[in-house]
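These notes are about the structure you will find just below.
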Number of protein chains: 2
Amino acid sequence: MATNSNLTARGGETERSNLALGRLGDFVGFRLRRVQNQLSRKFAAANADMGLRSGLFSSLAIVAANPGISQSELSSEVGLDKSVTVTIIDELEKYGWAERRRSPDDRRRHALYVTPEGDRQLDRLFARMEEVEGAVLHSLTEAEHQMLNDVLDRMYDAVVREL
Amino acid sequence: MATNSNLTARGGETERSNLALGRLGDFVGFRLRRVQNQLSRKFAAANADMGLRSGLFSSLAIVAANPGISQSELSSEVGLDKSVTVTIIDELEKYGWAERRRSPDDRRRHALYVTPEGDRQLDRLFARMEEVEGAVLHSLTEAEHQMLNDVLDRMYDAVVREL
DNA sequence: GAACAATGGTGGAAAATGTCAACTATCGTT
DNA sequence: AACGATAGTTGACATTTTCCACCATTGTTC
C-alpha cells in the first residue's frame, strides 16, 4: 500500500542519509509539503537577486490572467489575508508592474491590471520558474506529468468544495 | 497539454467563482502549493484546540519513526534551521511528548525519543490527519493515489539530488 | 429616502516564523 | 597539545501572519 522507498533501518547507525518516514509516509499531505518546500526554496534562490516578497509572483500572475480582478478575489485565490494583499499591490504599483483603477460600477472596488512592464517581468519570472521545475520534471514522463496535474486539480476541487 | 478546467471567461463578468490560472496553470509548483495550502489549513483548523506550533507534528512523527535521531538530522529532514528545532524539542519536552538523552557515543549529540504520552498524542494527530486527507482522497482511485505517492517521491529525490 | 447591515479596502499592533551569527562543548585528526 | 569540524544553544533581527478597528460605498429594509 505504501510507496516506501526509505526502509533505512535504525539501530545499526546506518550511514545512509535517508530516514524512515514511518506513518508519516502514509499521508499525501506530507509528501506534498516536502516537494513543495524544496521547490519554493529553489525558486526563491533563483530569484534572490530582486527581492521579491513571497506572494508577489503568484499575485502578479493571477492579475495578469484575470484583468480587472478585485483585491478580495485575488486574496481568496492566492490564500492571503486582504491586508497582506494591500501590501503586495502597493509593492507591485511601486515597481510599476500593476495598477489599481477604481471600478466605475462599484466604487469600493479596485480593479487590478498588469502594466506592460509587469508583463515583461512576468515573462522573466515564468522563465526562471520553468528552469526550476524542469530539473524536477525531467524525472517524469509526459503522461505522468499530465496525470499529476489532473489529480492535483481534482484534489483541489475536493478540498475547496467543503465547508 | 494543460489540464485546465478553469476556462472561466473574463469580460462577461461571469458569476462562476473560479478564476483563470493563465500561465500559472502550466506549473506543477503552483498546483502543489494550492492543494498543500488548503490541506494544511484544514489540518490546522482541525487541531486548533491544542495550540500546535507549525513544525511540531512532523518533528514528533519523524522522531517516532527514527528513535535516537539527532537534532541536526531531524532539522535537515523537516527542512528547518537547527535553532528552530531546538525550540520545537523544548516544547515537545515541556508537553512530555519527547525527550533528549545524551548520546553515550558522542556526547555532543542529543538522541531524541518519543515518550508513551507522545505516542498517544501522535495517534490522535494521525487520526485527525486521516480525516482531513480522507475527504480529499476519496476523489482519487487507489491506483491514482499510489501513482501520486510514487511521482511525488521521485520529484523529491530529483529536487534533493542537485546542488 | 433614512437607517442599517454587509462588503471592499486600509492601517497598525501583536504574535508567530524564519534567518543568522556568535558561542560552548565535544569530537577527530594530526 | 593543537586544530578544525560538528552538535547544540542562545539571542538579535527581519519577515510574515493574524487580527481588529476603521472608512467609504453599496444594497436592503421599512
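All chains are named by letter (A, B, ...) in the order of the sequence lines, taking the proteins before the strands, and each is independently numbered beginning at 1. Not measured: the values here are computed from a predicted model.
Between chain B and DNA chain C, the heavy-atom contact criterion of under 4.0 Å yields a 5' to 3' nucleotide range of C:dT17 to C:dC27.
Residue pairs meeting the ring pair (Phe, Tyr, Trp, His ring centres under 6.0 Å) criterion with at least one partner in residues 66-93 of chain A, sequence neighbours excluded, do not occur; the list is empty. Listed by first and then second residue, the salt bridge (charged side-chain N to carboxylate O under 4.0 Å, His left out) pairs involving residues 115-124 of chain B are A:Arg23-B:Asp123, B:Glu117-B:Arg120 (not counting sequence neighbours).
Between A:Asp150 and B:Arg31, no side-chain nitrogen of the basic residue sits less than 4.0 Å from a carboxylate oxygen of the acidic one, so the salt-bridge criterion is not met. B:Arg109 and B:Glu73 are joined by a salt bridge, as a carboxylate oxygen and a charged side-chain nitrogen come within less than 4.0 angstrom of each other.
In this view, B:Arg53 and B:Glu91 satisfy the salt bridge (charged side-chain N to carboxylate O under 4.0 Å, His left out) rule, not counting sequence neighbours. Evaluation of the side-chain hydrogen bond (donor to acceptor under 3.5 Å, both in side chains) rule for B:Asn47 yields B:Arg128 as partners, not counting sequence neighbours. Here B:Arg100 pairs with B:Gln71, B:Asp90, B:Glu93 under the side-chain hydrogen bond (donor to acceptor under 3.5 Å, both in side chains) rule; sequence neighbours left out. When the salt bridge (charged side-chain N to carboxylate O under 4.0 Å, His left out) test is applied to B:Arg102, no partner is found at least two apart in sequence or on another chain. Residues meeting the side-chain hydrogen bond (donor to acceptor under 3.5 Å, both in side chains) test with A:Ser83, sequence neighbours left out: A:Asp81. In terms of the side-chain hydrogen bond (donor to acceptor under 3.5 Å, both in side chains) criterion, residue partners of A:Thr85 (sequence neighbours excluded) are, by chain and number, A:Ser75.
A heavy atom lying under 4.0 Å from DNA chain C marks the following residues of residues 46-57 of chain B, by number: B:Arg53, B:Ser54. Taking every heavy atom of residues 89-97 of chain A and every atom of DNA chain C, no pair lies under 4.0 Å.
The NZ-P distance, from B:Lys82 to D:dT9, rounds to 13 Å in whole Å.
The distance between the ring centers of A:Phe30 and B:Tyr156 does not fall below 6.0 angstrom.
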What pairs of nitrogen or oxygen atoms, one from the protein and one from nucleotides 19-26 of chain D, lie under 3.5 Å apart?
| unit_1 | atom_1 | unit_2 | atom_2 | d |
| --- | --- | --- | --- | --- |
| D:dC19 | N4 | A:Ser83 | OG | 2.7 |
| D:dT25 | OP1 | A:Arg107 | NH2 | 2.8 |
| D:dT25 | O2 | A:Arg108 | NH1 | 3.4 |
| D:dT26 | OP1 | A:Arg107 | N | 2.9 |

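The cationic group of B:Arg101 lies under 6.0 Å from the six-membered ring centre of B:Tyr113 and within 45° of the ring axis, placing it in a cation-pi geometry.
The closest side-chain donor-acceptor pair between B:Ser58 and A:Arg33 falls under 3.5 angstrom.
Sequence order on DNA chain C of the closest nucleotides to A:Arg100 and A:Arg41 puts A:Arg100 first from the 5' end.
At D:dT9, one or more side-chain N or O atoms of B:Gln71 fall inside 4.0 Å of OP1 or OP2 (strictly under the cut-off).
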